[in-house]
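One structure below.
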There are 2 protein chains.
Amino acid sequence: MEGHPMDSVCDCSQCELRKAFFDSFSDEDLGDICRNKTEFPFFRGDTIFSEGDRIRYFSYLKSGLVKLFKTDTAGKDQIITIAGPYDFVSLLGVFSDTHHSYSVSVLEDAVLCCIDIERMREIALRNASFSMNLMERMGAVSNKIIREGLEIRKRNTHGKVAYILLKFCKDIYGTCIFDLPVSRREIAENIGMTTENVIRTLSELRKEKVIRINGKEIEVVDPVALERISNYG
Amino acid sequence: MEGHPMDSVCDCSQCELRKAFFDSFSDEDLGDICRNKTEFPFFRGDTIFSEGDRIRYFSYLKSGLVKLFKTDTAGKDQIITIAGPYDFVSLLGVFSDTHHSYSVSVLEDAVLCCIDIERMREIALRNASFSMNLMERMGAVSNKIIREGLEIRKRNTHGKVAYILLKFCKDIYGTCIFDLPVSRREIAENIGMTTENVIRTLSELRKEKVIRINGKEIEVVDPVALERISNYG
DNA sequence: ATCATAATATGACAAATGTCATATCACCAA
DNA sequence: TTGGTGATATGACATTTGTCATATTATGAT
């Protein structure tokens, strides 16, 4: 963990994520968490933690965009998923594992809310409804990753690229024009194809006038066609 | 749910799975669960539940082998994972979703231990350590599915087939000779390739004397070579 | 500014994979 | 038994995808 605590941290009672995560908290527990949490700002390119690091915090993303990834013995990265606000950075192993099984680094400047893992465990162990709440929320994140993996697995290269472009449009930015937060190589690492074929497929989509490309800027000109390509290759 | 309750059900205090799942139970809760669980026997080919069915039970596999899968609009199946004893059949959505998002059917005769979902929720809501225990156990199953998906995604066809054969060897049967519980088509549905290429790859592995094939029976003659193919294509 | 490095882009080619056709075999139901 | 259906198997071929080479552009460090 490289960041430094922020000077101004939010009052948890106002936290927009409170309802999502901590609705089942008593005022006592909320105060306890609030006094003992730390908000860390991170910047594009920062590593939040690396595969193999000891797990110290339970953490979730308040803002920004990160990638979760694994690095193989040959040094090649494989991106598990790209996560945004409301997503946990701590996945399900957080209470059972002692060390992280994946790395997280920052794609867009981010603020991470971190709670000491032991304190979190204590609270979860005496507040069953919070524990259930947590299980549901973390389950949703895990299920999203599983579903995404299945969607990617069943598509050919065109479908894969279309699928991830639509994810940026619909899930991440909510608009048809956006700056890609990742390189073509990272897209390749995410969907399991080569960098060259990602570039080639993007070029083809451009030639077919489905998208417009200007460096990192992508505009989805024909979302219907892109959906069709995503669904039928 | 098509099965019929079994005549003889195990006394939960003796359940070999008790330690794994219900270690945090008080005797009271254990008795409660024990009286209210139902064990269902299922047979090869049975459907345990289908995508879209209402979730009625929290359930886990005591014995046997099942496949979890989704069916797309064209009627094509995609296998999420093959699960054995100690695996949950209920994945993480079980407490937050109302309907199943995948189907489960039986590959090898199985016994399912089912607990009414509402009763399970009640107990989890008043027993935080059970709730945590459950989160850890379900998290482990989800993580396994995610990991498996990543391993499959990064391999070419030879690597994929080698990977799944090694899964049968090491994880499922613990022996180098086994009867495949699935068809070539189901392998294809699991690892995202065509049936023909699964058959072809198996034939090639046979010609290279890495495996021996006799119908459904597979013998891994050269596990080291198979590992190499799994890791390096 | 300048250099080095990485990212983007494209072509040519090889290799892998999917599609289609066909054949045999196993198995189940009538 | 017979007939039908699905599973396994293989070849031929087309298409897709990966690999390698090369060029240009962007980016960051000094």
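Residue numbers start from 1 in every chain, and the chains themselves are labelled A, B, ... in the order their sequence lines are given, proteins ahead of strands.
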Starting from [atom2] on [N], measure out to [atom1] on [X] and report it in whole angstrom.
{"X": "A:Asn197", "N": "C:dA15", "atom1": "CG", "atom2": "P", "result": "16 Å"}
{"X": "A:Lys154", "N": "D:dT16", "atom1": "NZ", "atom2": "C1'", "result": "20 Å"}
{"X": "A:His158", "N": "D:dT15", "atom1": "NE2", "atom2": "C1'", "result": "12 Å"}
{"X": "A:Arg153", "N": "C:dG18", "atom1": "CZ", "atom2": "C1'", "result": "18 Å"}
{"X": "B:Glu217", "N": "C:dA26", "atom1": "CD", "atom2": "P", "result": "15 Å"}
{"X": "B:Ile218", "N": "D:dT8", "atom1": "CD1", "atom2": "C1'", "result": "12 Å"}

Answer with base, sugar-phosphate or nothing: what part of the nucleic acid does [X] contact at a heavy-atom distance below 4.0 Å?
{"X": "B:Arg185", "result": "sugar-phosphate"}
{"X": "A:Thr195", "result": "nothing"}
{"X": "B:Lys160", "result": "nothing"}

Once the angle between the rings of A:Phe88 and A:Tyr60 is folded into 0 to 90°, is it parallel (under 30°), tilted (30 to 60°) or perpendicular (over 60°)?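 Ring orientation, 0 to 90° scale: perpendicular.
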Is any NZ, NE, NH1 or NH2 atom of the basic residue among B:Lys160 and B:Glu151 found under 4.0 Å from an Asp or Glu carboxylate oxygen of the other?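 Not counted as a salt bridge, because no side-chain N and carboxylate O are separated by less than 4.0 Å.
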Salt-bridged, B:Arg185 to B:Glu189, with N to O below 4.0 Å? yes
Kindly point out which of [options] is positioned nearest to the side chain of [X]?
{"X": "A:Glu196", "options": "D:dT17, C:dT10, D:dG18", "result": "C:dT10"}
{"X": "B:Thr194", "options": "C:dT10, C:dT19, D:dA7", "result": "C:dT19"}
{"X": "A:Thr157", "options": "D:dT17, C:dG11, C:dG18", "result": "D:dT17"}
{"X": "A:Ile199", "options": "C:dT10, D:dT8, D:dT19", "result": "C:dT10"}

If each end axis of the helix from C:dA1-D:dT30 to C:dA30-D:dT1 is fitted on five C1' pair positions, the angle between them, to 10 degrees, is 50°
Is any side-chain N or O of A:Arg200 under 3.5 Å from a base N or O of D:dG18, one able to act as donor and the other as acceptor?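 Not at all, since no donor on one side and acceptor on the other fall under 3.5 Å apart.
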Check whether the side chain of B:Arg184 and the base of D:dT10 form a donor-acceptor pair under 3.5 Å. no
With A:Arg147, which residues qualify under salt bridge (Lys or Arg N to Asp or Glu O under 4.0 Å), at least two apart? none
Go through the steps to decide whether B:Ile152 and B:Tyr163 satisfy the test side-chain contact (heavy atoms from CB on, under 4.5 Å), and finish with yes or no. CA-CA 8 Å; B:Ile152 289 168; B:Tyr163 179 81; 4.1 Å; yes
